Every structure is written in C-alpha cells, then in structure tokens.
**Student:** 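One structure coming up, written as structure tokens, with questions to follow.
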2 protein chains.
Amino acid sequence: MTVNSHHDIRQALRDRIESGEWQLGALIPSEMALADEYGCARTTINRALQTLASDGLVVRKRKGGTRVCEMPVRQAKFEIPILREQVEATGGKYRHQIMSQKLRTPTASVRTQLRISAGKKALFMETIHLADDSPYAYEQRWVNLQTVPEIMQAPLDQLSANEWLVKTVPFSSGDVIFSAEKADKTIASALQSDVGNAIFVVDRTTWMGGDFITTMKLYYKDGYQLYSPL
Amino acid sequence: MTVNSHHDIRQALRDRIESGEWQLGALIPSEMALADEYGCARTTINRALQTLASDGLVVRKRKGGTRVCEMPVRQAKFEIPILREQVEATGGKYRHQIMSQKLRTPTASVRTQLRISAGKKALFMETIHLADDSPYAYEQRWVNLQTVPEIMQAPLDQLSANEWLVKTVPFSSGDVIFSAEKADKTIASALQSDVGNAIFVVDRTTWMGGDFITTMKLYYKDGYQLYSPL
DNA sequence: ACCGATATTATGTATGCACATATTATAATT
DNA sequence: AATTATAATATGTGCATACATAATATCGGT
C-alpha cells in the first residue's frame, strides 16, 4: 500500500494512535523520521500532523516534538439549530406565528446583557414555532434597537426574526446556555403543554464587535432532545 | 503594515468578509489574484483559505472558486465535560460515591444500544458526584463486559468509572443527547431534590470501532446550566 | 441546434528548499 | 558550581514549481 497524500498519512497516523501503538502522552517520531518511513516530503507529514493537532489528538512543541495528547479533549460540536431546518429535516412543515411584538422597557437583566442605556426601549417579541401546525418551540426575544434599528422595517411575518438576523448580521459572535426549566403558565399555554413539565431551554445572546444585538430564550416542547455526535 | 504570514492573511480575509465587503454567497477573488494583491505566494493564500473553509466561513469548489458561505454554520463546540474538572473549575471540592455496582441483565433498550447478546449480563452502576459534599450529579451507567471486561479489576472507588474509561479506551467515538426531564423519586432522592423538578439530562453512549462500550445517563442537580461560547 | 472534443480556469496537493523560532543539551567561561 | 554562550534539534512557515482534478467554456463538425 502506498500512502502519500496528507490525507492518507493523517489517517495512518490516527490509526496508529487509536490502536494504542503510541500510548497516551507518548512521543511520536519526528517529522523527518516519519517522512522517511512513509517515503514522502516532510511538508506532507507536517500538514498531516498539524491537522491532527487541531483535532486535538496530538500536542506539538518546537524541539519538544509531537506527542499523543494526554487528555484527548472529546469535543462535541454542533451547529446552532435553525428551527426551520430542524423541523424540515424531520419531514415536518415549518411555520411560525408572532404572538406579540412591541417596544418595551427591558428588564434589568436584559438591559445589562445587551448594554442598553437606562430609559431606552427595546423590541420585545414572542414567537411560536410550529411543526405541522403543532407547537414546537416558544421564543422570547429582545432586540437592541440601538444596534439594529433596521429590524423595524423587516417583514417579520414572512421571515422569522432569527432568520432575518442571521442574514443581516451573519458574522456575529455569541454564547449559548442550555438548561432545564419547569414550565410556568405562560410557557405551558404557549406550547399547549402542562404547567410543571420539564422544558429544554436554550438561552442565546449575540453581539458583533462590541455591539450587543439580541438575546433570546427558546423553550422547546417537552420531550425535545438535542443530539450531537462526538 | 505588511501582511504575509497565512495567519495575517487569514485575519485580513476574515475581516473583509465580516465587514460585509464580500456579501453572503459572493464569489471572492481567486487565489492568484489574492496572492498578487497581498504580494505573497499562492500557497500562502491557499492555506489561509483552507482554514477559513474548515471554519465554515467560505465554501470552495474546484473551478467554481471560493465564495462566502451562504449560511455561515455557527457551530458551538464544547468539550465533553469531565465532572471533576467542572467542579474544580468553580473552586469546589470534587468527590464521588458509588451507590451500587452489580451485574444485571440489561433492559431491552440498553441491550440494543450496546449490542449485548440476549441473556448476557452487564455491569450497572449508580454514582453520585459531589461538589463540596453536596450532590452535583447522579449517574446511571451500563458497561458492556463483552468489550471491556477489565473494568471489573479497576479501582473504581478511587477513580470514577468515567475517568477510568477515558484513560483506558481514550479514542472511542460516541454520541450525546441533551434533554430535560422531570425528577422521579429515585433521582430526587439521589440529588436531595424534589420530585417533579426539571433536571438537565445528558445521555451518552460510546463505542470503539464496532464495539459498544458504555452508555450513561447523567442527571444534573436542578439549576445546572451548560454554557458554551460560539 | 445538438453533441462531443478540447481548452481554460481555480482549487488541491506534493516536493525541495531556505530560513525562522522555540527549546533543550552541551560546552565554555567565570 | 553556577552561569552563560553555543550548538543541536524539531517544528513553523514561506516560496517557487509542477502536476492533478473538477467544472465550466468554447469551438467544430454533423
């Protein structure tokens, strides 16, 4: 078998690590030695090893050499779910419905999260996301009008606020918090569910540069599960 | 300012995308053109673009050129939490306590998940993970003895099953499911919490190659939140 | 107008080389 | 013996080049 593409080599090295040939924390041969063994240029080995390093399988140090990562950081990565796609992926028909949409003085915690000046108002909206006309998730969202005033002109009846924001300020950063909450009366009625049920909640805040854009809380219908391979 | 390292170039390109200079879905200049513009070799541009592609910011196609990703896949990636680290990160003192540990005939669903032959037994254990001596999470785990019989000899009173498995079969793959559940009597008493509380649940199955190793359900004390930047 | 051969284009990848840089080991100096 | 200079080593990175490969564009013949 001839291996020469960095692809093949990466896989070969990965196999040798995963088979246990190189123990956890063990030093693996130098790039030169590997290049020699596989009969390719050092550059090719370098590329393969760099990929493995960025995957967290090995740790590299100048002069120290490359060693199998002591604590292989198994990291789950999953896409931030766009509800429409989530629903349509399971064959359902997606629809959303705006329950309310108004300017309001934000609560203290929201004002802090979005860095909204005291006295200023923000856009608050409640949306129900439906799969085949039955509730799928209930969304509460605050939008900072100081940073995205254009949203007042957006056709939010056709495009959900989420989708509009993704298209308009696509490269924002943010954070997510997953938790479980008991459904209160508001949530239960929005989801046509019962008070006290365990609800999977996603809390998300996004900003761009130093400008805080929106914060959102998503309550999934009970029974929802978030899956991720790792 | 001279930019020439693939690092600088990657950042420069990223800026141009995020500033909106190149719109969503727009075709960006070819590697040759960019190499010309930045006064560097095509290889360097190639490397920068490949990184951006693997980050999901651009999509590349032979002859088709490189274009800004239509739907920038915001992917949250977070490490699979190791309980000890999670607890110790918040300054708490970690400790765990095995409540039960015995050979049992697995339930039908577990037997399916771990591909255990009918009639065979598996190791079932319940563990409480404590932070500063108060319950932090309650774990139910099944271990497939057909694939890791060695666990029967492991010192599980010192090292948690989780940690032992991570050290012994480090490069397994798996999946995770996050959900919310109502605490039943077992869970509530294990966590010194109340029946009916909303519990954040992590369900994880791991395998290596075709061999199914373990499946685990982790019930976090109510109020737990899983945070992730993105 | 249709179909197929050929050229063109942009990315993908391997190579040899040179030099940079971090780190450790060793030797030289005090 | 402690400190400092120097060499050795492994990875990091850039460049020029060559060829591979996929997808599109163009042109010619029927």
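Quick caveat: nothing in here was measured; it's all calculated off a predicted structure. No hydrogens, no waters, no symmetry mates; every other heavy atom, side chains included, goes into these values. Here is the naming used below: chain letters follow the sequence lines, and residue numbers restart at 1 for every chain.
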**Student:** How many whole angstroms separate atom NE2 of B:His6 from atom P of D:dT11?
**Tutor:** 17 Å

**Student:** Rounded at 0.5 Å granularity, tell me how far NE2 in B:His7 sits from OG1 in B:Thr44.
**Tutor:**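 B:His7 NE2 to B:Thr44 OG1: 12.5 Å, rounded to 0.5 Å.
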
**Student:** Quick test: give all pairs of protein nitrogen or oxygen and nucleotides 17-25 of chain D nitrogen or oxygen below 3.5 Å, distance rounded to 0.1 Å.
**Tutor:**
residue, atom, partner, partner atom, Å
D:dT21, O2, B:Arg62, NE, 3.4

**Student:** So, is A:Thr66 near the phosphate of D:dA10, with a side-chain N or O under 4.0 Å from OP1 or OP2?
**Tutor:**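 Looking at the OP1 and OP2 atoms of D:dA10, neither is under 4.0 Å from any side-chain N or O of A:Thr66.
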
**Student:** Taking 4.0 Å as the cut-off, does a side-chain nitrogen or oxygen of B:Gln50 come that near to OP1 or OP2 on C:dT11?
**Tutor:**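 No, B:Gln50 has no side-chain N/O under 4.0 Å of OP1/OP2 on C:dT11.
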
**Student:** Round to a whole Å and report the spacing from NE2 of B:His7 to P of D:dT11.
**Tutor:** 18 Å

**Student:** Testing A:Asp175, A:Thr214, A:Val110 for side-chain contact (heavy atoms from CB on, under 4.5 Å) with A:Thr205, which one passes?
**Tutor:**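 With A:Thr205 as partner, side-chain contact (heavy atoms from CB on, under 4.5 Å) holds for just one option, A:Asp175.
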
**Student:** I need the CG-P distance between A:Leu13 and D:dT11, as an integer number of Å.
**Tutor:** 12 Å

**Student:** Rounded off to whole Å, could you give me the CG-to-P distance for the B:Leu49 and C:dT11 pair?
**Tutor:**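 Atom CG in B:Leu49 sits about 7 Å away from atom P in C:dT11.
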
**Student:** B:Glu18: what forms a salt bridge (Lys or Arg N to Asp or Glu O under 4.0 Å) with it, not counting sequence neighbours?
**Tutor:**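 Here the qualifying residues are B:Arg14.
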
**Student:** Could you state the CZ-C1' distance from A:Arg60 to C:dT21, rounded to the nearest angstrom?
**Tutor:** 14 Å

**Student:** Going by side-chain contact (heavy atoms from CB on, under 4.5 Å), name the residues that satisfy it together with B:Gln86, two or more places apart in sequence or in a different chain.
**Tutor:**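 B:Gln86 satisfies side-chain contact (heavy atoms from CB on, under 4.5 Å) with B:Pro81, B:Leu83, B:Tyr136, B:Tyr220, B:Tyr224 once adjacent residues are dropped.
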
**Student:** So do the side chains of A:Glu126 and A:Ile98 get within less than 4.5 Å of each other, counting heavy atoms only?
**Tutor:** no

**Student:** Is any side-chain heavy atom of A:Trp22 closer than 4.5 Å to one of A:Leu13?
**Tutor:** yes

**Student:** Ignoring the backbone of A:Ala41, work out which of D:dT11, D:dT13, C:dT15 is nearest its side chain.
**Tutor:** C:dT15

**Student:** Could you give the CD1-to-P distance, from A:Ile45 to C:dT13, as a whole number of Å?
**Tutor:** 15 Å

**Student:** Please confirm whether the shortest side-chain N or O distance from A:Ser30 to OP1 or OP2 of D:dT9 is below 4.0 Å.
**Tutor:** no

**Student:** Give a yes/no on whether any side-chain N or O of A:Thr44 is located under 4.0 angstrom from OP1 or OP2 of C:dT15.
**Tutor:** yes

**Student:** Does a nitrogen or oxygen in the side chain of B:Asn46 sit under 4.0 Å from OP1 or OP2 of C:dT13?
**Tutor:**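 Answer no for this pair, as no side-chain N or O of B:Asn46 is under 4.0 Å from OP1 or OP2.
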
**Student:** Calculate the interatomic distance between A:Glu31 atom CD and D:dT13 atom P; express it in whole Å.
**Tutor:**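 Answer to the nearest Å: 11 Å.
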
**Student:** Return the value, rounded to whole Å, for the distance between atom CZ of A:Arg67 and atom C1' of D:dT11.
**Tutor:**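 The distance from CZ of A:Arg67 to C1' of D:dT11 comes to 14 Å, rounded to the nearest Å.
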
